[in-house]
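Labels below follow one simple rule: chain letters A, B, ... track the order of the sequence lines, proteins then strands, and each chain is numbered from 1. Only heavy atoms go into these numbers, but all of them, side chains included; no hydrogens, no water, no symmetry mates.
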Protein chains: 2
Amino acid sequence: MATGRTHRPATRSRGIPEATVARLPLYLRALTALSERSVPTVSSEELAAAAGVNSAKLRKDFSYLGSYGTRGVGYDVEYLVYQISRELGLTQDWPIVMVGIGNLGAALANYGGFASRGFRVAALIDADPAMTGKSVAGMAVQHADELEKIIDANGVSIGVIATPAGAAQQVCDRLVAAGVTSILNFAPTVLSVPDGVDVRKVDLSIELQILAFHEQRKAGEGQEEDVADVDVAGAVDAGGSAAAAAAATKQTRKGPDGDVPAVMPA
Amino acid sequence: MATGRTHRPATRSRGIPEATVARLPLYLRALTALSERSVPTVSSEELAAAAGVNSAKLRKDFSYLGSYGTRGVGYDVEYLVYQISRELGLTQDWPIVMVGIGNLGAALANYGGFASRGFRVAALIDADPAMTGKSVAGMAVQHADELEKIIDANGVSIGVIATPAGAAQQVCDRLVAAGVTSILNFAPTVLSVPDGVDVRKVDLSIELQILAFHEQRKAGEGQEEDVADVDVAGAVDAGGSAAAAAAATKQTRKGPDGDVPAVMPA
DNA sequence: CAGTGTGAAATGCTTCACAGCT
DNA sequence: AGCTGTGAAGCATTTCACACTG
């Protein structure tokens, strides 16, 4: 009890690991699918396969929520759906505002996944007066001036930012000042927020870059040691940045661990 | 997932932790911004702040790449941009195909962040014949029939799936069969792929659900023990699922650790 | 039995703190 | 003097393996 932790007193039992929380929506989705097919129960093995994780992890995850299974049988689908929904806070209604109704914002507004899970788009907001009044996803876009009023009137505590990077921090500040305490950020910027405000970010290009890293590595399979220049898919070089090449010469760079100095224009 | 022999014994020096790889794009973004402002060098402290991480972590991350800094001074911005780009594989050109040009697909096609970082959209593909030939982001949408041909002709190894959930696995299979080995999946489904193919997923509603979890918890701040029903922002209950309530009664549920049975319709 | 729930071991990641270089 | 680079300590997460239960 009273685990003298600095971040979050976590009374006693409410210590659900962040990694587990991040997987609950996944389980929920798999369970919802089963529920729609009227499957009454699942084993940890089956559900884990459907959610794309391993079964030991799933059982451990569920153990943080309580003992919701039946030994020798498995889990009751409907019951688990309810428990996880409740744990995630989806049994209540979450009004959200979306700021920045460009291509991405419109796509998000049209995205069905929100409404189906307790989220309700209370307003679409854009700073461009030309957008005001336009209908997106069956909803009139409102001007940024209305932001505070809308947040207040609807008791909004979650905001979604889909503006260009340059506007994001400013929008964020206004959201926070108006009472929003959770932000989902699609703009490619680091947002700074006061303590007590949560920010999660989704950066589309970051994901691709991570894939590129692994993809590049695949090409260099088989033999290592000679990291020289394995060229993938016919693309040889494309010389990243000329300035970088210049800067490179003035430094005593050292490869990974005394390895080859890597491909670099002398 | 059967970790066959895929999971890299790390020949010796090439053991860059996954967590580090995931942060490299972040550093790169911060560095690019500095570079544009013609800042010549940064300290780990400054760069860490710009990237939103702590400086010890950043230094440790960089140490996996090599010794690219100068003690007493910091890191040369241009040089580091180059090194990270190279490590991520961004000094080469990555042709990608995007499948599913709905709202989200169009948003992605228009998203500037790709082109700026070595990625080149080789083709936009949609299964709907009505979309064929339409121009999106200055590019003609092509029909799904062309998929294999396009992948082959362009040497595409990265695919982006932005189709509805129902079509995703099928599209995925075709991509893989045609030679794609990295997939970025926006459809809310678990994709199964053969060994050697990487999948990363972005699920918009999952992120919101995680925020909701933390948001819900904030409301219960101050006193614990009585988890009864702290109502947030005026939203009282909204009784999740009637079916779940029914299912609930037939089970000897046990709260987190013998805690209150939680709010639940008798 | 079959399948959950969970201590305990293994692995991975972050943070500390300081030696060592410029 | 200042700041990087890194062992070692501290946490968090995953995996193992098996006692326990319906």
Tell me whether the OP1 or OP2 atom of C/dG3 has a side-chain N or O from A/Tyr68 closer than 4.0 Å.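 Checking A/Tyr68 against C/dG3: no side-chain N or O falls below 4.0 Å of OP1 or OP2.
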
Looking at A/Ser44, I'd like to know whether one of its side-chain N or O atoms comes within less than 4.0 Å of OP1 or OP2 on C/dT4.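 Yes.
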
Between D/dT13, D/dT6, C/dT14, which nucleotide has the shortest distance from any of its atoms to the side chain of A/Ala19?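 The answer is D/dT13.
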
Please report the C-alpha distance between B/Tyr79 and B/Tyr82 in whole Å, then the side-chain angles of each, then the deciding distance to 0.1 Å, and finally whether the ring pair (Phe, Tyr, Trp, His ring centres under 6.0 Å) criterion is met. CA-CA 5 Å; B/Tyr79 182 61; B/Tyr82 177 76; 7.4 Å; no

If you assign B/Asp61 and A/Arg23 each to the DNA chain D nucleotide with the nearest heavy atom, which residue ends up on the more 5' nucleotide?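 Per heavy-atom nearest nucleotide, the more 5' residue is B/Asp61.
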
With side chain to side chain contact (heavy atoms under 4.5 Å, CB included) as the test, pick out the partner of B/Ile161 among B/Asn185, B/Val199, B/Leu184.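 Only one option passes, and that is B/Asn185.
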
Euclidean distance, atom CD of residue A/Gln83 to atom C1' of C/dG5 [Å, nearest integer]: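 Checked: the CD to C1' distance equals 16 Å.
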
Taking the side chain as every heavy atom from C-beta outward, state whether B/Leu47 and B/Leu80 have any pair of such atoms under 4.5 Å apart.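 A side-chain contact under 4.5 Å exists here.
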
List for me each residue that meets side-chain contact (heavy atoms from CB on, under 4.5 Å) alongside A/Ser35, sequence neighbours excluded, and say none if there are none.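 A/Ser35 satisfies side-chain contact (heavy atoms from CB on, under 4.5 Å) with A/Val77, A/Glu78 only.
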
For B/Thr189, which residues count as a side-chain contact (heavy atoms from CB on, under 4.5 Å) partner, sequence neighbours excluded?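 side-chain contact (heavy atoms from CB on, under 4.5 Å) check on B/Thr189 returns B/Ala165, B/Ala168, B/Ala187.
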
Atom-to-atom span, CG of B/Leu58 to C1' of C/dC16 - whole angstrom: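 Rounding to the nearest Å, CG of B/Leu58 and C1' of C/dC16 are 16 Å apart.
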
Can B/Ser205 and B/Gln209 be said to form a side chain to side chain donor-acceptor pair (under 3.5 Å), step by step? CA-CA 6 Å; B/Ser205 92; B/Gln209 291 175 57; 3.2 Å; yes

Using atom OH of B/Tyr75 as one end and atom P of C/dT22 as the other, report the distance to the nearest whole Å.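 Rounding to the nearest Å, OH of B/Tyr75 and P of C/dT22 are 14 Å apart.
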
A/Phe62 CZ to C/dT6 P: how many Å, rounded?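 Computing the A/Phe62:CZ to C/dT6:P distance gives 14 Å.
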
Should A/Thr20 and A/Phe62 count as side-chain neighbours, where that means a heavy-atom distance under 4.5 Å?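 With C-beta onward as the side chain, the pair stays apart.
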
Whole angstrom value for the distance that separates P of C/dG5 from CG of A/Leu47: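 A/Leu47 atom CG is separated from C/dG5 atom P by 12 Å.
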
Mind calculating the distance between CD (B/Glu18) and C1' (C/dT14) to the nearest angstrom?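 These atoms are roughly 16 Å apart.
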
Rounded to whole angstroms, how far apart are CG on A/Leu65 and P on C/dG5?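 These atoms are roughly 10 Å apart.
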
CD of B/Glu46 versus P of D/dG2: gap in Å, rounded?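 So the two atoms are 14 Å apart, to the nearest Å.
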
Each nucleotide of nucleotides 15-22 of chain D classed B (base within 4.0 Å of a protein heavy atom), S (only sugar-phosphate) or -, in 5' to 3' order, makes B-B-BBBS

